[in-house]
Amino acid sequence: MMERFVDRQVPDYLLGKTQLVNTVLFTALFAIILLLLSLPFTNNAWLVFGPFKFILFAVLFALGCIAFVSLSKFVMYRTRRRTTLSFPAYIAWCLGEVLVICLVYTFLTVTVAGVGWDQFFQTLGNALLYGSVSLVIPYILAGMHYAIQDKNNTIRLMDYGNVVSDERFSPSQLEKITLFDNSGNLRLSVSASNLYYIESDDNYIIVWYTDSRGELKKYMLRCRLKTVEESFKGSSLVRCHRKYIVNMDKVKVLRREKDGYELELDNDSIPSIPITKTYSENVLARFNSNAGRLS
């Protein structure tokens, strides 16, 4: 379990540009409100400068912290395309931001405010306590918000078998793939029998399907392929590659190449889809299961 957590990649919804910008803004607002609420109950060493200078120092320090965190998140955003960021690395990165800010605050308090180096560790301890509350809590809240938002922004498999209707449907028509946006609004509903495969494109997915005239269409929305994979467990949609989920009912040929297996779907306009070793065992089992049902 621990190894799975260590190797687990940070989801895209935590590293997107909009998410990171909003996280910085929310954290800054949270820290400022917390500072104003806690001010009457604290004895900050910077108060020796007087009310005006204290406010000036606090504002300059807050702006510096915002600039530092913004730069850190920018580097994180740029780094994610070059290296895989694991959860422990992401947590260490965020805690590192807190530690740097607290060290800077402690250094300024000891030197500028004249507290004295003998109070360094006590001042650092207090700074770490306040920094953890003012930075870690909004980080966690922002992460939870985007996790819930990402869960709502997914594809769902709906079975209309229990719906009363004056029309007669075949079993394959009773299953619908439904796409919802972040607000929970329905954007697309397509029969599972018309869906061919789902492709990952950075922070988005592309759903490939045929319309009522049999023409191949695509629909794009912001979602992780991992979320889709979890939503379709037990269905005919199977993960075969880090970039692809295929509808096994649409597979015409499973072909072995020198680099591995490939899937050929029953639509000539769709190129062959590769199978990676990670998913080959599951795909082969599903393909053989489908072949057994048809024979």
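Bear in mind the structure is a predicted one, so any value in this text is a computation, not a measurement.
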Participant: Any chance you could lay out the side chain to side chain contact (heavy atoms under 4.5 Å, CB included) test for Cys65 and Glu97, step after step, and finish with the verdict?
Facilitator: CA-CA 9 Å; Cys65 291; Glu97 294 173 351; over 6 Å; no

Participant: Roughly how far, to the nearest 0.5 Å, is the CG atom of Asp249 from the CG atom of Leu195?
Facilitator: 10.5 Å

Participant: Take Arg78 and Phe74, measure what side chain to side chain contact (heavy atoms under 4.5 Å, CB included) needs, and give me the verdict at the end.
Facilitator: CA-CA 6 Å; Arg78 300 291 294 183; Phe74 175 76; 3.8 Å; yes

Participant: Any side-chain heavy atom of Ser200 sitting closer than 4.5 Å to one from Lys226?
Facilitator: no

Participant: Just verifying a value: how many Å separate Thr123 OG1 and Asp118 CG, rounded to the nearest 0.5 Å?
Facilitator: 8.5 Å

Participant: Are a donor atom and an acceptor atom from the side chains of Glu264 and Ser272 found within less than 3.5 Å of each other?
Facilitator: no

Participant: How long is the straight-line distance from OG of Ser193 back to NZ of Lys250, given to the nearest 0.5 Å?
Facilitator: 6.0 Å

Participant: Using modelled atom types and a 3.5 Å cut-off, is there a donor and acceptor pairing between side-chain atoms of Asn247 and backbone atoms of Ala192?
Facilitator: yes

Participant: Examine Trp117 together with Phe120 and report whether their ring centres are nearer than 6.0 Å.
Facilitator: yes

Participant: Report yes or no: is the cationic atom of Lys217 (NZ for Lys, CZ for Arg) closer than 6.0 Å to the six-membered ring centre of Tyr209, at no more than 45° off its axis?
Facilitator: no

Participant: So, do Leu95 and Val136 sit near enough that their side-chain heavy atoms are less than 4.5 Å apart?
Facilitator: yes

Participant: Could Lys243 and Tyr279 be counted as a cation-pi pair, given that NZ or CZ must be under 6.0 Å from the ring centre and within 45° of the axis?
Facilitator: no

Participant: Classify the angle between the aromatic ring planes of Tyr244 and His241 as parallel (below 30°), tilted (30 to 60°) or perpendicular (above 60°).
Facilitator: tilted

Participant: Is a side-chain donor or acceptor of Asn288 paired with a backbone partner of Leu284 at a separation under 3.5 angstrom?
Facilitator: yes

Participant: Would you kindly confirm whether Ile33 and Leu25 end up in one hydrophobic cluster when ILVMFWY residues are joined by side chain heavy atoms under 4.5 Å apart?
Facilitator: no

Participant: Does Asp268 CG have over 12 foreign heavy atoms under 6.0 Å away?
Facilitator: no

Participant: Does the Asp211 side chain pair with the main chain of Gly214, one donor and one acceptor, at a distance under 3.5 Å?
Facilitator: yes

Participant: How long is the gap from OH on Tyr146 to CG on Leu20, to the nearest 0.5 Å?
Facilitator: 8.5 Å

Participant: Going only through I, L, V, M, F, W and Y residues with side-chain contacts under 4.5 Å, is there a path from Leu221 to Leu237?
Facilitator: yes

Participant: Examine Val21 and Met76 and state if one hydrophobic cluster contains both, with Ile, Leu, Val, Met, Phe, Trp and Tyr joined whenever side-chain heavy atoms are less than 4.5 Å apart.
Facilitator: no

Participant: Taking a hydrophobic cluster as the set of Ile, Leu, Val, Met, Phe, Trp and Tyr residues connected by side-chain heavy atoms closer than 4.5 Å, whether directly or through intermediates, do Val69 and Val100 fall within one such cluster?
Facilitator: yes

Participant: For side chain to side chain contact (heavy atoms under 4.5 Å, CB included), just list the numbers for Tyr196 and Thr210, CA-CA rounded to whole Å, side-chain angles, deciding distance to a tenth of an Å, and then say yes or no.
Facilitator: CA-CA 8 Å; Tyr196 280 84; Thr210 51; 3.4 Å; yes

Participant: Does the separation of the ring centres of Trp208 and Tyr197 fall below 6.0 angstrom?
Facilitator: yes

Participant: Determine, step by step, whether Leu99 and Leu128 satisfy the side chain to side chain contact (heavy atoms under 4.5 Å, CB included) criterion, reporting the C-alpha distance in whole Å, the side-chain angles of both residues, the deciding distance to 0.1 Å, and the verdict.
Facilitator: CA-CA 7 Å; Leu99 180 60; Leu128 287 172; 4.1 Å; yes

Participant: How close do Glu229 and Arg239 get, counting heavy atoms only, and between which atoms?
Facilitator: OE1-NH1, 2.9 Å

Participant: Looking at Leu34, Ile101, Val98, which one forms a side chain to side chain contact (heavy atoms under 4.5 Å, CB included) with Ser134?
Facilitator: Leu34

Participant: Within a radius of less than 6.0 Å around CD of Glu281, do more than 12 heavy atoms belonging to other residues, nucleotides or ligands occur?
Facilitator: no

Participant: Tell me if the CZ atom of Phe107 is crowded by more than 12 foreign heavy atoms within 6.0 Å.
Facilitator: no

Participant: With heavy-atom distances below 4.5 Å as the criterion, would you say the side chains of Ile245 and Val238 are in contact?
Facilitator: no

Participant: Measure the shortest side-chain to side-chain distance between Leu263 and Val253 over non-hydrogen atoms and say whether it is less than 4.5 angstrom.
Facilitator: no

Participant: I want to check something: taking the side chain as every heavy atom from C-beta on, are Leu135 and Thr27 in contact at a cut-off of under 4.5 Å?
Facilitator: yes

Participant: Kindly compute the distance separating CG (Asn194) from CG (Leu216), expressed to the nearest 0.5 Å.
Facilitator: 11.0 Å

Participant: For Thr106 versus Leu124, what's the shortest heavy-atom pair and its separation?
Facilitator: OG1-CA, 3.3 Å

Participant: As an exercise, state the distance from CD1 of Ile198 to CG of Leu225, rounded to the nearest 0.5 Å.
Facilitator: 7.0 Å

Participant: Is Lys218 salt-bridged to Glu199, going by a charged N under 4.0 Å from an acidic O?
Facilitator: no

Participant: Please say whether more than 12 non-hydrogen atoms of neighbouring residues, nucleotides or ligands are located less than 6.0 Å from CZ in Arg255.
Facilitator: yes

Participant: Between Val283 and Cys240, which heavy-atom pair has the shortest distance, and what is it?
Facilitator: CG2-CB, 3.7 Å

Participant: Can you name the nearest heavy-atom pair linking Trp93 to Ser72, along with the distance?
Facilitator: NE1-OG, 2.7 Å

Participant: Report yes or no: do Ile32 and Leu129 belong to one cluster of Ile/Leu/Val/Met/Phe/Trp/Tyr joined by side chain heavy-atom distances under 4.5 Å?
Facilitator: no

